[in-house]
Amino acid sequence: MEYKFNEIEKKWQDYWRENKVYRVSNNSGKPKYYVLDMFPYPSGAGLHVGHPLGYIASDIYSRYKRLKGFNVLHPMGFDSFGLPAEQYALETGQHPATTTEKNITTFKAQLDKIGFCYDWDRELRTSDPQYYKWTQWIFLQLYNSYFCNTQQKARPIADLVKKYETKGCKNFTADQWNAFTKKEQEDILMNRRLAFSAYGEVNWCEALGTVLANDEVVNGVSERGGHPVERKKMRQWFLRITAYANRLLQGLETVDFSDSMKEMQRNWIGKSEGAEIEFNIKNSDSKLNVYTTRPDTIFGVDFMVIAPEHEIVLNITTANQKAEVEKYLAYVKSRSERERLAEAKIITGCFTGAYAINPFDGKEIPIWIAEYVLAGYGTGTIMAVPCGDQRDFAFANHFKIPITNIIGSHFNGQEANATKDAVLQNSDFLNGMIMKDAMAVAINKVEELGIGKRKVNYRMRDAGFSRQRYWGEPFPITWSDGIANPIDASELPLELPHVDKYSPGPNGEGPLANLTDWVDLSPNPSPNERGTKAPGYYNSTIAEWKKTIGFAKQNRKEPTIEENIIWQKLRNRKIGGFKFRRQHPIAGYIPDFVCLEKKLIVEIDGGYHNKEEQKIYDAGREAWLAECGFTMIRFTNDEVKNSVKNVLKSIEQALLNKKVLEKEELKTETNINSELEKQPALENEGLAPSPQESESSKYESLKSEGLTPSPLERAGGEVRRETSTMPGYAGSSWYFLRYMDPHNDKTFCDRKASDYWNQVDLYIGGTEHAVGHLLYSRMWTKVLFDLGLIGFDEPYKKLLNQGMIQGSSRFVYRLNVEIPFTESKLNFDEKLLWKKLPFLSKFHYDNFHLPETKKLIQAEYDEIFKNTSLSEFKISQPSPLHVDVNIVDGVELDIEEFKKWRNGEYANAEFILEDGKYICGVETEKMSKSKFNTVNPDELCDKYGADTFRMYEMFLGPVEASKPWDTKGIEGVHRFLRKLWRLLFDEVKGKIWTDEKATDTELKVLHRTIKKIEEDTERFSFNTAVSTFMICVNELADLKCSKKVVIEQLLILLAPYAPHISEELWHQLGNKGSVLDANYPTFNPALLVESTKDYPVSVNGKLRTNIELSLNLEQKQVEEMILENDIVKKWLDGKLPKKIIFVKNKMINVVV
RNA sequence: ACUCGGGUGGUGGAACUGGUAGACACGCAGGACUUAAAAUCCUGUUCACAGCAAUGUGAGUGUGGGUUCAACUCCCAUCCCGAGUACCA
């Protein structure tokens, strides 16, 4: 029987899916284990072989833990909001929701093919309203919390308000607080909220009218279009992660991350201790606050550098320097932060003309501005000590600023010396002190003189949390009179409205700002925009219209459950492709849903329709709307509850029965208005009034019937929604919690579930997330913990970093020719040239500079173009071109495939070969479609099977290491699985296994394998585990061992790595249950005990021979025995050994 | 520029705690089986020099230095490559 991997894998994947073998329960007597992969972004390019590396590792470990008796949670989902989908939408007009959906489908199919053990019932998508409802909810928790410095934790902002109201604080008394306006109070609170709004710098591109990501800015201009980009301040949301800086540092002590990862986070947080010192400025009232970690160098300050965007700059710049400073500021505006820091070789700066006064000795210090100082760091000012800081030194040198030496001989005048051990000179009261000791003295003096204070600083900045983009979570915030108002939690999710265009809104706002209906919640439209007559399907004055629209908005915000159910099915053109609107005013009425194109109204009965008076009103309304051409269908709440399907069917049928209105017919206001004019006044008929006609007293009566007054009455003034959306990391900051309880609609994650699953035990992902995602999610976890919502304050117990798989690109080399100057374009056949220009094999390319090679190639060229206008041309240096790695076998190009490649672009190409082959060049680069070096896992699974693919990915090298992909070695792994198969099945004889007892040798092989596989899996050394399997199978094959007792155990060990073949053979051997739940073999050390060892013997550290010795010998006996050895004697050459080193069970070294 | 990784045969890598450098694979070379191919199996394969050969000698883990009886492993310096640097995720 043959190893038919395709059949076997399909069979077991179907079986596992149908029997839900990967379903995970939150109730189990087993100990829990939570394995998580970093949230993937479903990119349009699909999965390439680099993605699954970590997934395979986590899958192996999950299956291993399951075999070891754990209840393992190993979920998968998608971080489906993000810029690429929006970018794609801008380019192609396809809605991000559509493309994202498509991408996820592809991703899932690809993942399933590899045979992962995900519980898909727990799948998450951050762009799903049922998910981001809780992202928004947590945002509101952040918004409504502050960091209490006394308790060092988050607390409800209400506590702070209470404190202000009763006790006041350092800056104001309780009475003062209570006298503040609402706006003043809110501004003060905004300075404490964990999610807060403030001004932040963005990359502003005037030409595109939008804010750009750093990625989209290349060399100071936009990637799209190459327009200039400048730094601009805009109102943004931030998370106050700096408040948590210290706890984020301390938390690192409690988690199992690699040292380098912890180090990166520590450096990112950048805690430093020093002093903030106040400098007066000559001839100015302004003062300069400077933070320094080296107050001991205060007398070595030769100049100050402040960030160009520091607000003080324009105040202190002298008239003389003004023009120059302005010029410099314009230059800096065009530079990105990264450029400003990275290009240290080019020194730029500008003198302001102002001088700071050294508070100790009154020395005048020139104040400069320079791009290498950023406003966001510390106070945006540094005191420059050129003898101790290399960058300051370079700056001083460049601008010829005199340098004061305070460290004597430690400074050589050629470069700065950042020592802390020098004895201070030229330093007034610090003279003679060692710098280390002088620090404390200087700080004390600063505090004593009241010119500054001791201070702990952090390099980390608060995290920007808004994006001027469409495809992200909308903020549950509205603005009125400059005050942010959180939306009530009961109104969540605030769904992302549908847009048809993705271009930016006005004034740098995101695309959402274009949806005036959505954004503008204010009852009064601005007269400029709307004219004096109300728009739409009304015949009403603006005053009346305002009221109607107010009602409509309000109703829209407070739908009944039934309405909501139907709305979810109707929105976004889900039924028949027609657009429905909710609570859209028509002719002064507000129907529940309306399709304008079809003039179809859908009503779901609310409670107040039962009243007799209301029924008459309804009937009148229906008749009146019918006159205007609207058809109305009505459903009761019960009908909706009983069968949403039937309701939708009826709606669909109703749509079919009506013709589509022409756009013109639909849009013209007069059309409807003229119909409206025909209507008799309703009041006269004795029917219930329509809202816009009612007087305020009647208004009251509606209120009493369960309708809420419009925002007009509540807020007054303009009310707008926040139009930014949240960044990519919003959804991924807490997703690990949602997996625990993914369908809960009462809370983000039930406390019982989070108490059970607790921390993620193993988190696998790349180091590229080291300082972004990992810090944010750690912070969110701490906040949720502080607020008592979860019971732990670090999300990830252990972190394993997977390396990147790079692409291994292949190159072909196309010859070039020198086209003579005199030759006009018409005189030679250019088409023919490009068609037939030969490709040079690598050897010729490498040796092209050699005259003999060139001569040879020229001859070949002449031969190819013999008798054409091209024959006289001189050849020149060939150019490398990327070629698809999939048509190259190792380095040898498949010439036939190459001729077919790219629709036969090179069908007629000529080749200059070496040894009859075309050899390609090789280079390691990022895996990307444009470099033709991507390899698709699907194809490998088809060709070799998922088990081979999984094991090969692991075999490639350590999970943590980055390495280039090369498909070439996959055959070896495949051969191994076939060899395993052949232990049980012979091509001719079929089943060949026996029930015989295992021999000692066989048991030794087995138990050595058990030991090594267990150890290797535990320490995530999957590549050596795969080798161990190979060794084991090689040895069993050598022993001709086909014994069930041995191979059965091996299959359990192998199951996490190659689940399909293991499951198949496990059943073939006659086992009933799944191998997934077998008992993991126990290692028996007694079987491996040895009595002798073949010791390596070195003389002077060089290996000379091996001697087999009993393991129970002691030093003395060993010494005697090895001195008898002929080879040792030969190397001693009659001399006496100085020393003999003997390490038991390791080695022997004779020192002469 | 800064922070963090990495550099071992023709290739991917192994050597876990300083103790036989190159496990296991790929590739390559030679052979067996076969009419042939595929598949499979066997042998060899770090480099240099010497030898018909068994084998021997020397060198060898980016480069230069150091510590040690012993260094891929620890220390110092240096070169090269990768990741991140706050709006890609």
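No experiment lies behind these values; they were computed from the predicted model shown. Below, chains carry the letters A, B, ... as their sequence lines are ordered, and counting in each starts from 1.
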Residue list, salt bridge (Lys or Arg N to Asp or Glu O under 4.0 Å) with Glu1108(A), at least two apart or on another chain: none

Sugar-phosphate only, base, or nothing, as touched by Pro958(A) at under 4.0 Å among non-hydrogen atoms: sugar-phosphate

Parallel, tilted or perpendicular: ring planes of Tyr1057(A) versus Phe1029(A), cut at 30 and 60 degrees: perpendicular

Separation between CZ of Phe5(A) and CG of Asp947(A), rounded to the nearest 0.5 Å: 10.0 Å

Neighbours of RNA chain B within residues 1095-1104 of chain A, by heavy-atom distance under 4.0 Å: Pro1096(A), Lys1102(A), Arg1104(A)

Glu971(A): partners by salt bridge (Lys or Arg N to Asp or Glu O under 4.0 Å), with sequence neighbours left out: none

Donor-acceptor contact present, side-chain Glu1018(A) to main-chain Glu1015(A), <3.5 Å: no

Touch class at under 4.0 angstrom, heavy-atom based, for Ile1141(A) against every strand present: base

ring-ring contact (aromatic ring centres under 6.0 Å, His included) partners of Tyr729(A), counting only residues at least two apart: Phe465(A), Tyr776(A)

Listed partners of Arg982(A) passing side-chain hydrogen bond (donor to acceptor under 3.5 Å, both in side chains), at least two apart: none

Contact pattern, 5' to 3', of nucleotides 80-87 of chain B - B, S or - by protein heavy atom under 4.0 Å: --SSSBBB

Short N-O contact, Arg1008(A) and Glu1035(A), less than 4.0 angstrom: yes

Summary of protein contacts for nucleotides 44-49 of chain B, nucleotide by nucleotide, where a base hit scores B, a sugar-phosphate-only hit scores S (4.0 Å, heavy atoms): ------

Bracket notation of RNA chain B in which parentheses pair within the strand, [ ] cross earlier pairs, and | pairs with another strand (Watson-Crick or G-U, under 3.5 Å): (((((((..(((......[....)))((((((.......))))))(((((....)))))..(((((..]....))))))))))))....

Any pair counted as side chain to side chain donor-acceptor pair (under 3.5 Å), so long as it reaches residues 1136-1150 of chain A, sequence neighbours left out: Glu1114(A)-Lys1144(A)

Partner set under side-chain hydrogen bond (donor to acceptor under 3.5 Å, both in side chains) for Arg1019(A), not counting sequence neighbours: Asp1016(A)

Sidechain-backbone polar pair: Asn1100(A) side chain, Val1151(A) backbone, donor-acceptor under 3.5 Å: no

side-chain hydrogen bond (donor to acceptor under 3.5 Å, both in side chains) partners of His974(A), counting only residues at least two apart: Thr948(A), Arg978(A)

Within 45° cone of Trp204(A) ring axis and under 6.0 Å: Arg231(A) NZ or CZ: no

For nucleotides 22-25 of chain B, which of its nitrogen or oxygen atoms have a protein nitrogen or oxygen under 3.5 Å away, and what is each distance?
residue : atom : partner    : partner atom : Å
A25(B)  : OP1  : Asn1034(A) : ND2          : 2.6

Sugar-phosphate, base or nothing in reach of Asp79(A), heavy atoms under 4.0 Å: sugar-phosphate

